[in-house]
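Notes to accompany the following structure.
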Amino acid sequence: MRCINKKIRGVSAALFMTVLLAGCGQSAVLTDAYDFDNPAYGPSATSDAGEELQPFAANLCVTAGDVDADIDMSQAESAGLFNINGQDVRYAKNVHEVLYPASITKIMTTLIALEQGNLDDVVTVSENAVTLEAGAQKSGIKAGDQIVLRDLLYGMIMWSGNDAAKAVAEHIAGSEEEFANRMNQRARELGAVDTHFVNASGLHDDNHYSTVYDLYLIFQKVTQNETFLDMMQTKEYTATVTSADGSTREINWKNTNH
C-alpha cells in the first residue's frame, strides 16, 4: 500500500532522484492501472494481440516506504535510487511525500511533446509565452519568433527555458491550461497519482506538486525515447530563429543538467 502524505514542504526543499538505466525487456503490460472498466483485467487477461497481460507494475520498481542504504541524503527532503534493470529500489527516503517539482516538471512536458507533437512543426511564439514572472529562466525566444518544435525542446531541456515550455504547451494543446490537463491525464496513466500539474514549466504554484516516486514513473517512461536521451546528453546546441520582422538569428544553449 502506498504511503501518501499531502503535506507540501517548502519550495527550497531538495528533491533528488536517480535512475539506473540498463536494458530491460518489456512484456505486454496494462497501460492504465486505474482503468477498471478495461475487460483485460483478470488472472488470464490477454491483449488484443493475444499476449498474456502482466500486472501494471510488472516492470516497475515498487516500494511502500523507506529503503535504507549506505547513502548520505541528509540534505534532501526526498530521494530515491531505482534500478530499472532489476526492478528494485536501492534507496528510498520519503519517496511518496508530496513536494514541489520545480523544473523537473519539464520532463513530463517533453514526454507529452514527443508523444503528441510533430518535431518538425514551426512554432510561432506568442506574447503570452514570453510573459513570465520576474527572475524566471528564459531561453531567449521573443514574441513573434518562428522556431522549430525540436529546437524549442532543446531550449527547454538543456537551458530550462520557461518561455520555451510555455510555447511548447500552447503549440501542442492550444493553451497551457489544456496542456496541463493532458499532463495530468498522462501522469495518471503512468500510475503517478500523487502528482498534479498546472503549468508546463514548473514555476511555483501551490497546486503544482509531485513525489519522487511519481517522477521516477514519468522519467522511466520518457527515457525509453531516444530523442529525449539525445537531448539530455547534448552539451551545446544552436537553434536558428526567424524573427517577427523576417530576419534570422541564432540562439546558443549549453547544457545545465548535471
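The shown structure was predicted, so the numbers you read here are calculated from the model rather than taken from an experiment.
In this structure, D145 pairs ionically with R249, as a charged nitrogen and a carboxylate oxygen lie closer than 4.0 Å. Ion pair R182/E178 flagged as a salt bridge, since at least one NZ, NE, NH1 or NH2 atom sits closer than 4.0 Å to an Asp/Glu carboxylate oxygen. At a threshold of 4.0 Å, the pair K93-E77 does not count as salt-bridged, since none of the basic side-chain nitrogens sits closer than that to a carboxylate oxygen.
Taking every heavy atom of both residues into account, Q137 and L132 meet most closely at O-CD1, 4.4 Å. Of all heavy-atom pairs spanning D151 and W253, the tightest one is O-CZ3, 3.4 Å. Of all non-hydrogen atoms in D205 and N207, the two that sit nearest each other are OD1-N, 2.8 Å. Counting all heavy atoms, side chain and backbone alike, A244 lies closest to A143 at CB-O, 4.3 Å.
Going from atom OG of S139 over to atom CG of D163 covers 3.5 Å, rounded to the nearest 0.5 Å. To the nearest 0.5 Å, atoms OG (S78) and CD (E97) are separated by 6.0 Å. Atom CE of residue M108 and atom CD1 of residue I218 lie 3.5 Å apart, to the nearest 0.5 angstrom. Between H171 atom NE2 and L149 atom CG the span is 5.5 Å, to the nearest 0.5 Å. From T238, atom OG1 reaches atom CG of N252 across 4.0 Å, with rounding to the nearest 0.5 Å. Rounding to the nearest 0.5 angstrom, the gap separating the CD1 atom in I157 from the CD1 atom in I107 is 7.0 Å.
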Query raised in the report: Passes side chain to side chain contact (heavy atoms under 4.5 Å, CB included), M73 versus Y91? Steps please.
Result: CA-CA 10 Å; M73 293 301 297; Y91 177 77; 3.7 Å; yes
**Report entry** Criterion side chain to side chain contact (heavy atoms under 4.5 Å, CB included) on V95 and T211, from CA distance to verdict
**Finding:** CA-CA 6 Å; V95 294; T211 69; over 6 Å; no
Requested in this report: Could you walk me through whether T248 and V241 pass side chain to side chain contact (heavy atoms under 4.5 Å, CB included), step by step?
Outcome: CA-CA 6 Å; T248 60; V241 180; over 6 Å; no
Query raised in the report: Taking it one step at a time, do E133 and H204 satisfy side chain to side chain contact (heavy atoms under 4.5 Å, CB included)?
Result: CA-CA 10 Å; E133 62 188 53; H204 179 70; 5.7 Å; no
Report task. Apply side chain to side chain donor-acceptor pair (under 3.5 Å) to S126 and N128, showing your working. Result -> CA-CA 5 Å; S126 72; N128 184 58; 4.9 Å; no
Let me have the donor-acceptor pairs involving side chains of residues 225-232, under 3.5 Å, with sequence neighbours excluded, atom names and distances please.
{"residue": "N225", "atom": "OD1", "partner": "T227", "partner atom": "N", "Å": "2.9"}
{"residue": "N225", "atom": "OD1", "partner": "F228", "partner atom": "N", "Å": "3.3"}

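No side-chain donor-acceptor contact under 3.5 Å links Q116 to the backbone of A113. Checked by atom type and distance alone, the side chain of T234 never pairs as donor or acceptor with a backbone atom of E236 at under 3.5 Å. Looking only at distances, a side-chain donor or acceptor of T256 sits under 3.5 Å from a matching main-chain atom of M158. Remark: side-chain polar atoms of T195 are not paired, donor with acceptor, to backbone N or O of A187 under 3.5 angstrom. With hydrogens and angles disregarded, no donor-acceptor distance shorter than 3.5 Å links the side chain of T105 to the backbone of P101. Looking at N162, its side chain never comes within 3.5 Å of a backbone N or O of K166 through a donor-acceptor pair. With Q87 contributing its side chain and N83 its backbone, the two residues share no donor-acceptor pair below 3.5 Å. D121 contributes no side-chain N or O that, together with a main-chain N or O of V148, makes up a donor-acceptor pair within less than 3.5 Å. Side-chain N or O atoms of K106 include one that pairs as donor or acceptor with a backbone N or O of S201 at under 3.5 Å.
A side-chain donor from one of S160 and S103 sits under 3.5 Å from a side-chain acceptor of the other. For the 3.5 Å distance criterion, the side chains of H196 and D194 fail to qualify, holding no donor opposite an acceptor.
The closest side-chain heavy-atom distance from V67 to R90 is not below 4.5 Å. Between K221 and E115, the closest side-chain pair of non-hydrogen atoms falls below 4.5 Å. Between I141 and V130 there is a side-chain heavy-atom pair separated by less than 4.5 Å.
Residues L203 and L152 do not share a hydrophobic cluster, clusters being chains of Ile/Leu/Val/Met/Phe/Trp/Tyr side chains in contact below 4.5 Å. The hydrophobic clustering, which links ILVMFWY residues whose side-chain heavy atoms are closer than 4.5 Å, places L111 and V123 together. V198 and I112 sit in two unconnected hydrophobic clusters of ILVMFWY residues. Membership requires side-chain heavy atoms under 4.5 Å apart, directly or through other members. A single hydrophobic cluster is seen to contain both V62 and V212, as judged by linkage of ILVMFWY side chains at heavy-atom distances under 4.5 Å, directly or through other members. In terms of hydrophobic clustering, with Ile, Leu, Val, Met, Phe, Trp and Tyr side chains grouped at heavy-atom distances under 4.5 Å, W159 and L114 are assigned to a common cluster.
The six-membered or imidazole ring of H208 lies away from that of Y100, with a centre-to-centre distance of 6.0 Å or more. Annotation: Y213 is in aromatic contact with Y216 [ring centroid separation under 6.0 Å].
The number of heavy atoms from other shown groups lying within 6.0 Å of CG (D245) is above 12.
Screening residues 118-158 for ring pair (Phe, Tyr, Trp, His ring centres under 6.0 Å), with sequence neighbours left out, gives Y154-Y237.
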